[in-house]
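Quantities reported herein were computed from a predicted structural model and do not represent experimental measurements. In what follows, chains are A, B, ... by sequence order, proteins preceding strands, each numbered from 1.
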Amino acid sequence: MPEYEIVIGLETHIQLNTETKIFCACKADSWEEEPNTNICPVCSGLPGVLPVPNAAVAEKAVLLAQAMNAEVQTDSYFDRKNYFYPDLPKGYQITQYDQPIATGGYLDLPMGDYTRRVEIEKLHIEEDAGKTKKEGNRRFIDFNRCGVPLIEMVTGPNLRSADEAAEYLIRLRQLLRWLNISEANMEKAHLRADANVSIRLKGEDKLNTKTEIKNVNSIEAVRTAIQKEAKRQIKEVEDGNDIKPWTLDWDEDTEMLSKMRSKETEADYRHFKEPDLLKVHVDQAWQDRILKDFPELPLARRQRFVDEYQLPAYDADILTNERSLSDYFEQAVKAYDGDVKRVSNWMINDIQRMLNESGKMAGELKLKPEYLAEIIQLVDSKKVNNPTGKSLLDKVESTGKSPQEIVEAEGLGQVSDTGAIREIAQAIVDENPDQVEKYLGGKDGLIGWFVGQVMQKSQGKANPNMAREILLEIFSEK
Amino acid sequence: MSNFLETSLAELQTGLRNRDFSSRELTEFFLNRIDEKDGEIKAFLSLAPKKALKKAEEADKRFASGDENLPPLLGIPLAVKDVLAVEGLPATAGSKILEGFMPPYTSTAVSKLLDAGMIVLGKTNTDEFAMGSSTENSAYFTSRNPWDTSRVPGGSSGGSAASVASQMAPFALGTDTGGSVRQPAAFCGVTGLKPTYGRVSRYGLIAYGSSLDSVGVFGRSAADSAALFSVMAGKDPLDATSLDMPVPEINLNGSTNLKGMKIGVPKEYFVEGIQAAVEEKVREAIKQFESLGAEIIDVQLPHTQYAVPVYYLIAPAEASANLARFDGVRYGLRVENDDVIEMVKESRGAGFGEEVKRRIMLGTYALSSGYYDAYYGQAQKVRTLIQNDFLEVYKTVDMIAAPVAPTTAFKIGMHTDDPLAMYLEDVYTLPANLAGVPGLAFPVGFDQKNLPIGMQLMGRHFEEEKLFHAVHAYQNDTNWHTKSPKV
């Protein structure tokens with residue numbers, strides 16, 4: 001069998017996390033609302049009312065354009081896309097067509113040993129339509145989602161595997177959250193992705209007939225669906241059949257693709273400029289204001305963590321997964337002033353755990369990054385031992401007090417006074433003649449038990465290494 | 001009861017303020033007049049007598065309260081074209097598809113007038129979705145011209161124009177997309193303003209051609225209309241295309257001399273097809289403006305001949321989208337069918353009239369892939385040329401004088417079998433809509449059949465005030481606007 005290559009383009013719809021809808025004052029998010037309770041005359045298409053643009057939508061689009069290396073257009077326009085559907089209340093969707101808010105752009109995907117450049121073919125803002133549910137012969141329409149602001153972003157046919165497609169969505173989701181553009185939750189349809197899939201012989205550069213996969217609602221499902229569809233296409237071609245330009249519906253429960261009703265003719269949407277809205281004018285001053293605090297992006301930061309801090313790629317990935325965690329880490333590094341890998345370990349092992357347990361963002365912790373640095377320093381300087389250091393994390397988080405304060409108030413300082421430790425060790429040895437005999441009889445492993453006893457008696461404050469040395473000293477004298 | 005026929009706004013305001021008569025008396029007078037005359041004129045689609053009288057009583061209480069800060073139009077009745085939403089009143093847009101529809105909001109133009117104290121008497125007849133020049137396209141009935149009830153009142157705001165001409169209302173609101181205020185004003189012998197595009201909010205106006213639609217006003221004189229206009233005008237946060245331009249408080253006292261004013265007369269508006277009496281009376285009026293001190297200058301608007309085809313591509317194209325929302329799903333007429341697409345088709349088929357369907361098809365065609373460039377795209381380019389004609393002429397003149405319509409009111413049924421002949425009725429009014437400039441229509445005489453003849457002054461963008469000054473000066477010197485039909 002010849003070697004095939006998969007060619008994938010992704011069409012994404014991103015629900016923006018603005019306060020209000022794109023053209024009216026209804027709340028943008030209706031997830032928790034009863035059907036048809038978050039609507040008004042504007043978004044439900046009553047006659048005579050007019051759309052009023054929400055500036056926050058353009059601002060979020062500018063942020064995304066900047067992140068995708070796209071060029072923001074000073075003047076862009078809304079258009080009407082005309083088609084009849086019961087859940088499209090005006091009979092047209094207000095979208096952007098030939099003069100969108102941004103053009104061009106790309107995203108470089110790190111794929112381990114290579115980088116995949118994904119070109120952006122389309123980036124525009126538009127309103128969402130409603131939802132239709134069919135039950136037998138009846139249709140139920142929920143207009144809540146009408147007028148929810150979306151960015152439609154379409155990639156070129158640049159992705160070459162299901163993994164690359166999944167990676168693109170993972171990186172896009174990360175960016176959207178990083179820039180506070182969208183909650184980007186695929187299960188809640190904040191991020192929707194349709195995949196255009198075709199195959200060709202490896203080495204060819206023509207584009208063959210593609211199919212479009214719709215209604216996939218998780219990144220894993222995108223990966224699986226593409227794999228299945230590529231496999232099907234390869235089999236068809238191997239069997240000597242043509243690929244038909246089907247639209248395929250993904251069934252979440254059965255993990256199967258099925259053919260949707262095919263369009264007989266290409267739809268004619270009769271786009272024309274929306275006369276109810278003025279052009280979207282993003283002048284330099286506004287653009288500067290929007291981009292004033294534009295942050296370092298996750299992939300760039302990930303690379304910097306590797307270059308600047310010599311962190312393993314694994315660590316860098318985790319520490320740039322989410323912006324709040326990443327900023328926290330950098331602040332802790334700054335305050336710590338020592339081996340960055342130490343901070344990384346504490347972050348990945350301990351802070352992550354605390355965040356998972358509390359459901360908080362790193363920036364919401366009472367355990368400020370400076371406190372984390374302080375705790376690591378206390379351990380480094382042997383002022384507290386490691387277990388005490390770890391226990392300080394939760395103590396600081398629950399009280400909001402500084403680690404130093406807690407150490408002093410609770411007398412947690414590590415005992416490094418040889419005399420005090422020797423006294424405890426001697427007592428343990430005296431109290432446990434049987435164990436001493438066993439040890440001296442060759443059961444070397446018991447040294448750990450003796451250290452544990454010293455630690456217990458000192459309420460965890462004894463320096464365990466010193467305890468071990470002193471115990472060995474005592475035994476050598478026997 | 002007092003007789004309020006032929007009273008000016010100023011007289012009504014003074015009388016109410018001095019409590020020579022009450023708002024209730026005034027409102028009752030017009031409601032009674034409607035009772036008596038509207039059976040013949042058929043200007044109103046729906047009436048709100050109880051609400052109107054209740055509002056009138058509230059107004060009277062305010063007059064009696066000694067409040068110094070009374071709103072300017074308190075207690076004065078108004079008729080509203082049925083394409084403008086008024087909360088709690090039906091809004092049919094003259095269509096069966098909206099029969100029974102009650103909008104839960106009020107159009108901004110109306111709500112500003114309500115805030116200023118006005119009282120809505122009822123909603124007036126219109127060609128369906130404002131598509132027409134005679135009210136013959138109303139799904140309900142044809143309104144009559146009060147000067148000759150065998151003739152049309154003009155359209156599409158024919159009900160509003162007829163209500164003011166027959167004095168069933170002292171004021172009425174209309175809308176003007178291609179002449180729908182000015183042409184019925186001319187046919188009925190009243191004064192009607194189409195403001196600059198973007199000057200008066202379109203919020204609550206059931207859209208026909210969104211880039212052309214404007215909300216205008218009918219009154220018995222320029223002075224009366226100006227008072228309503230300055231209340232209605234201004235930036236509205238609910239209409240993104242309304243512009244933030246200062247709204248002048250129009251004071252017409254002393255505008256009797258037009259010295260320094262330059263009025264252009266375009267030769268393209270006096271061509272074959274114009275009724276002789278119309279040309280004669282308009283030219284007479286232009287002479288009158290000259291005698292009032294204005295300088296009359298011949299000008300050219302060379303792309304005028306394209307206004308009809310350009311308009312009849314752009315307006316139907318926009319309408320084809322604007323009317324897509326009437327699908328039987330959420331409100332208005334629904335013809336039940338188990339298949340939802342069939343339900344939409346049948347509802348629209350049953351709900352829309354012939355002319356509306358014709359324009360939806362024209363517009364859909366003009367926007368279709370493969371035809372867009374030749375039709376809609378080309379029309380947009382020529383629209384720019386028409387706009388440029390005006391901007392060029394306004395470098396040398398303050399305003400343009402022209403007839404409103406080539407003829408006086410025509411007989412009911414005369415053009416109903418020939419839509420193209422009906423479209424040509426709009427030839428003088430369309431350019432102002434395509435250019436977005438204001439136009440003020442007013443009566444300048446009568447033809448041999450005693451039918452009113454109107455003319456219009458078209459001004460620079462946002463210079464409605466100058467138009468009011470000029471027409472006020474003219475009306476100060478003539479009495480055409482005071483003539484009333486014997487109904």
task = May I ask you to check whether over 12 heavy atoms, not counting those of B/Y375, lie within 6.0 Å of atom OH?
result = no
Among the listed options B/Y372, B/Y203, B/Y105, the residue most often paired with chain A at heavy-atom distances under 4.5 Å = B/Y105
task = Pick whichever of A/Y83, A/Y92, A/Y85, A/F23 has the most heavy-atom pairs under 4.5 Å with chain B.
result = A/Y92
ask   = Any side-chain heavy-atom pair from B/R202 and A/P275 closer than 4.5 angstrom?
value = no
query = With a 4.5 angstrom heavy-atom cut-off, which part of A/D276 approaches chain B: side chain, backbone, both or neither?
reply = both
query = Do you know the tightest heavy-atom contact between A/D268 and B/S369?
reply = OD2-N, 2.8 Å
note = When the 4.5 angstrom heavy-atom criterion is applied to B/A91 and chain A, the contacting part is neither
inquiry  = Is A/P53 close to chain B through its backbone or its side chain, or both, or neither, when contacts mean heavy atoms under 4.5 Å?
reply    = side chain
ask   = Should A/F272 and B/E318 count as side-chain neighbours, where that means a heavy-atom distance under 4.5 Å?
value = yes
task = Decide yes or no for A/P89 and B/R325: does some side-chain heavy atom of the first lie under 4.5 Å from some side-chain heavy atom of the second?
result = no
query = If you draw a 6.0 Å radius around NZ in A/K210, do more than 12 non-hydrogen atoms from other residues or ligands fall strictly inside?
reply = no
ask   = Of the listed residues (A/C24, A/G91, A/P41, A/P47), which shares the most heavy-atom pairs with chain B below a 4.5 Å separation?
value = A/P47
B/D327 CG to A/L88 CG distance, which is reported to the nearest 0.5 Å = 9.0 Å
ask   = When heavy-atom pairs shorter than 4.5 Å are enumerated against chain A, which of B/L367, B/T364, B/V83 gives the highest number?
value = B/L367
query = Minimum heavy-atom separation for B/V329 to A/P86, with atom names?
reply = CG1-O, 3.9 Å
ask   = Just wondering, more than 12 heavy atoms not from B/E342 lying within 6.0 Å of its CD?
value = yes
task = Using non-hydrogen atoms and a 4.5 Å limit, figure out which bit of B/S320 sits close to chain A: side chain, backbone, both or neither.
result = neither
query = If you draw a 6.0 Å radius around OH in A/Y97, do more than 12 non-hydrogen atoms from other residues or ligands fall strictly inside?
reply = no
message = Does any backbone or side-chain atom of B/Y371 lie under 4.5 Å from a heavy atom of chain A? Answer side chain, backbone, both or neither.
response = neither
query = At a heavy-atom separation under 4.5 Å, does B/Y197 approach chain A through its side chain, its backbone, both, or neither?
reply = side chain
key: chain B contacts, top residue of A/V42, A/V49, A/N82 (heavy-atom pairs, under 4.5 Å)   = A/V49
query = Who in residues 232-243 of chain B is close to chain A, using a strict under-4.5 Å heavy-atom cut-off?
reply = B/P237, B/L238, B/D239, B/A240, B/T241
query = Is it the backbone or the side chain of B/P103 that comes under 4.5 Å from a heavy atom of chain A, or both, or neither?
reply = neither
inquiry  = Nearest 0.5 Å, please: how far is OG in A/S44 from OH in B/Y331?
reply    = 8.0 Å
ask   = Of all the residues in residues 126-145 of chain A, which have a heavy atom that comes within less than 4.5 Å of a heavy atom in chain B?
value = A/N137, A/R139, A/I141, A/F143
note = If you tally heavy-atom pairs under 4.5 Å between each of B/A207, B/A85, B/A321, B/S211 and chain A, the highest tally belongs to B/A321
ask   = Is it true that the side chains of B/R330 and A/N36 contain a donor and an acceptor less than 3.5 Å apart?
value = no
task = Tell me, for B/N322 versus chain A, whether the close heavy atoms (under 4.5 Å) come from the side chain, the backbone, both or neither.
result = both
